[in-house]
*Asks:* 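Supplied in structure tokens, the structure appears directly below.
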Amino acid sequence: MTDAPMFAVVGHPNKGKSSVVATLSQNDAIAIALEPGTTRQRQAYPLSVDGQTLYTLVDTPGFQRPRRVLEWLQAHSLSASDHPETVRAFVTQHRDDGRFTDECELLTPLIEGAGIIYVVDGSVPYSAEHEAEMTILRWTGRPSLALINSIGPDDYSDTWQAALGQFFQVVRKFDAVRAPFEQHLSLLRAFGQLEPDWEQPLSQATEHLANQRQKRQGQSASLIADALADMMAYREKRTLTLDQVAATSDTDLAEQLRQRWYQHQRRREQALRINIEHLYQHQRIRRQEAELEWHNEHDLFSEDSRQTWAVSRGYLATAGFGAGAVGGAGLDALTLGHSLGAGALVGGLIGAAGSYLYGDQLMLPALNIGALKNGLKTATFGPVQDSQFGYVVLGRAVDHWWHISQRNHAGRDLLDLEPADHHWLERLDRRSRQAIQQAFDRCRKRRPLDDRLRQKFIAAIEQGMAAYDDWRLNRT
């Protein structure tokens with residue numbers, strides 16, 4: 001790959017420059033504030049994939065005195081041919097002049113070879129002061145692109161489009177907070193049109209980012225599969241001495257185990273969410289987990305969660321039949337076909353019947369308190385008895401993944417995991433349904449998934465993620 005292009009993001013103060021940089025550099029650590037002057041010095045943010053820098057964005061302060069700067073440039077220029085050198089002379093002469101600190105900061109990367117990304121707020125009217133800014137930028141002679149990033153409710157985009165088109169090679173609308181990923185790639189391709197030397201590296205950059213996105217989806221499916229296997233099989237266990245047995249009633253012991261089991265499952269789900277957020281380079285998301293204790297409908301074990309994410313009896317019976325038939329097929333194989341498929345049929349019926357029974361409830365794990373033996377008494381709580389818990393965890397995990405994968409790094413709002421209102425798993429193909437059900441059945445029986453079953457489980461979850469994405473983007 002050739003040298004990575006560099007772009008300086010410039011414009012009026014407080015019009016969304018830092019938001020654009022945060023989204024296109026996938027960096028949610030960049031400060032975004034409503035107050036002007038948050039960015040006082042230029043700061044470079046490279047975007048790297050697998051250790052390779054694809055491009056670098058430079059966040060800059062906003063223009064403070066554009067008309068004064070333009071007056072100086074016009075007074076010291078003889079013809080259009082010396083405009084770039086006149087800008088360079090301005091920066092050299094005023095580098096230590098406090099009146100033009102911000103202008104020198106934003107012009108420095110341009111005289112060093114960066115391209116221009118000029119950001120305007122399309123919800124405010126165009127003014128003469130903006131024209132001074134655009135004229136200064138044109139004097140630099142650098143390849144240029146303008147972004148209309150509307151912040152408020154009003155829309156002056158048409159006026160802006162007409163004005164910007166006279167100064168910049170490419171003009172695009174771009175909502176840094178809400179623009180979907182495909183628009184990011186489209187914007188990068190537009191950057192490549194600015195300069196022949198940038199076309200190849202930016203074409204490679206879009207390819208890297210598209211591959212990275214696909215890879216992240218697969219990695220997320222793997223993380224979800226591991227969490228589900230842990231949570232379905234988890235058992236809380238406690239061994240008591242004679243003194244402890246005397247001091248603890250079975251009722252208290254059961255309650256302690258139940259609370260610890262719940263706590264473990266909640267923490268495991270939260271750990272999964274953090275892992276997926278970090279995978280997508282979201283390090284500072286404000287989540288709702290802190291509200292779980294009192295904001296009941298968001299809790300993993302709430303009735304709201306069960307009603308939202310659990311599947312129907314019909315779904316369970318169908319998936320249970322398929323998963324049971326797969327197990328029964330092993331018996332047919334052992335009899336070299338002499339069972340005439342009876343093993344698969346019986347296994348399917350047993351699986352369907354067992355799954356159907358748990359179709360409208362979330363069964364708590366079984367409590368088992370053993371007898372006193374050798375001065376010790378052992379009690380266990382878990383694992384879960386039915387698969388509905390797995391579907392609740394799976395639905396919440398896929399929903400969280402979807403919100404994270406769609407979230408731009410300029411987003412600063414509270415992550416709102418709005419529950420779904422239609423069960424997306426109904427769109428999943430039969431094999432994927434069976435693979436998920438089979439994995440749930442094995443895990444809740446504390447039977448480990450071998451590598452083949454684990455890979456089938458991950459692939460089925462990834463299919464589920466695709467089904468969820470399709471449902472989210474196309475629902476009416």
Side-chain angles (χ1 to χ4, degrees), residues 213-234 268-269 272-273 275-276 279 305 308-330 344 347-348 350-352 354-356 358-359 383-384 386-405 420 422-474:
R213 188 167 182 81
Q214 188 63 37
K215 186 177 176 182
R216 283 175 172 173
Q217 183 168 332
Q219 290 170 325
S220 297
S222 180
L223 288 171
I224 292 171
D226 290 344
L228 277 165
D230 290 346
M231 295 172 76
M232 293 294 288
Y234 184 71
R268 185 64 182 88
E269 185 188 51
L272 168 64
R273 291 181 173 185
N275 288 339
I276 287 180
L279 182 62
S305 292
T308 300
W309 299 113
V311 294
S312 67
R313 281 189 170 194
Y315 182 98
L316 268 184
T318 303
F321 181 88
V326 171
I350 292 174
S355 300
Y356 186 81
Y358 301 119
V384 293
D386 70 278
S387 300
Q388 284 289 26
F389 178 66
Y391 286 105
V392 171
V393 174
L394 174 61
R396 287 163 61 95
V398 171
D399 179 63
H400 171 263
W401 159 81
W402 188 85
H403 281 87
I404 296 303
S405 67
H422 174 78
H423 215 290
W424 48 281
L425 278 176
E426 301 291 343
R427 301 184 175 199
L428 200 55
D429 63 83
R430 181 171 55 85
R431 288 194 175 192
S432 296
R433 295 187 191 193
Q434 293 172 0
I436 290 173
Q437 183 66 40
Q438 187 182 19
F440 285 172
D441 288 343
R442 287 185 68 90
C443 291
R444 68 183 177 81
K445 294 174 183 173
R446 297 178 64 82
R447 295 166 60 190
L449 300 176
D450 60 27
D451 188 58
R452 183 182 65 84
L453 289 177
R454 182 174 180 275
Q455 292 306 318
K456 283 179 59 180
F457 189 31
I458 293 171
I461 291 173
E462 200 164 0
Q463 286 294 318
M465 295 160 80
Y468 188 86
D469 182 59
D470 180 67
W471 168 73
R472 273 282 185 184
L473 296 178
N474 294 298

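Here the structure is a predicted model, which is why all the values come from computation and not from measurement.
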*Asks:* Are side-chain heavy atoms of Leu228 and Ile461 found at a separation under 4.5 Å?
*Replies:* yes
*Asks:* Sequence neighbours excluded, which residues qualify as side chain to side chain donor-acceptor pair (under 3.5 Å) partners of Arg442?
*Replies:* none
*Asks:* Take atom CZ in Arg431; do more than 12 heavy atoms of anything else shown fall under 6.0 Å from it?
*Replies:* no
*Asks:* Can you tell me how the ring of Phe457 sits relative to the ring of Phe440, calling it parallel under 30°, perpendicular over 60° and tilted otherwise?
*Replies:* perpendicular
*Asks:* Are Ile436 and Leu428 packed together at the side-chain level, in the sense that at least one heavy-atom pair is separated by less than 4.5 angstrom?
*Replies:* yes
*Asks:* So Ile224 and Ile276, do their side chains get closer than 4.5 Å, heavy atoms only?
*Replies:* yes
*Asks:* A side-chain contact here means heavy atoms from C-beta on lying under 4.5 Å apart; do Pro383 and Met232 qualify?
*Replies:* no
*Asks:* Distance check, rounded to the nearest 0.5 Å: Leu223 atom CG versus Arg273 atom CZ?
*Replies:* 14.0 Å
*Asks:* Looking at Leu316 and Ser387, what are the two nearest heavy atoms and their distance?
*Replies:* CD2-CB, 4.5 Å
*Asks:* Working to the nearest 0.5 Å, report the span between CD1 of Ile458 and CG of Asp226.
*Replies:* 6.5 Å
*Asks:* Should the pair Arg447-Asp441 be classified as a salt bridge under the 4.0 Å nitrogen-to-oxygen rule?
*Replies:* no
*Asks:* Decide whether Tyr315 and Gln437 meet the rule of one side-chain donor and one side-chain acceptor closer than 3.5 Å.
*Replies:* no
*Asks:* Do you see a donor-acceptor pair shorter than 3.5 Å between the side chains of Arg396 and Thr308?
*Replies:* no
*Asks:* Over all heavy atoms of both residues, which pair between Ser432 and Ala460 is shortest? Give the atoms and the distance, please.
*Replies:* O-CB, 3.6 Å
*Asks:* Can any side-chain N or O of Asp399 pair as donor or acceptor with the backbone N or O of Gly395 at less than 3.5 Å?
*Replies:* no
*Asks:* Less than 4.5 Å apart, any side-chain heavy atom of Ser222 and any of Arg454?
*Replies:* yes
*Asks:* Once rounded to the nearest 0.5 Å, what's the spacing between atom CH2 of Trp402 and atom OG of Ser220?
*Replies:* 14.5 Å
*Asks:* Indicate yes or no: at least one non-hydrogen side-chain atom of Arg433 is less than 4.5 angstrom from one of Leu425.
*Replies:* no
*Asks:* How long is the span from the CG atom in Leu449 to the CD atom in Gln438, to the nearest 0.5 Å?
*Replies:* 8.5 Å
*Asks:* Is there side-chain contact between Leu394 and Trp309, with heavy atoms separated by less than 4.5 Å?
*Replies:* no
*Asks:* Do Arg472 and His403 have side chains that get closer than 4.5 Å, going by heavy atoms?
*Replies:* yes
*Asks:* Drop me the distance from Tyr234's OH to Phe389's CZ, to the nearest 0.5 angstrom.
*Replies:* 12.0 Å
*Asks:* Which heavy atom of Val384 sits nearest a heavy atom of Arg444, and at what distance?
*Replies:* O-CB, 3.5 Å
*Asks:* Taking atom types as modelled and ignoring hydrogens, do the side chains of Gln217 and Ser405 form a donor-acceptor contact shorter than 3.5 angstrom?
*Replies:* no
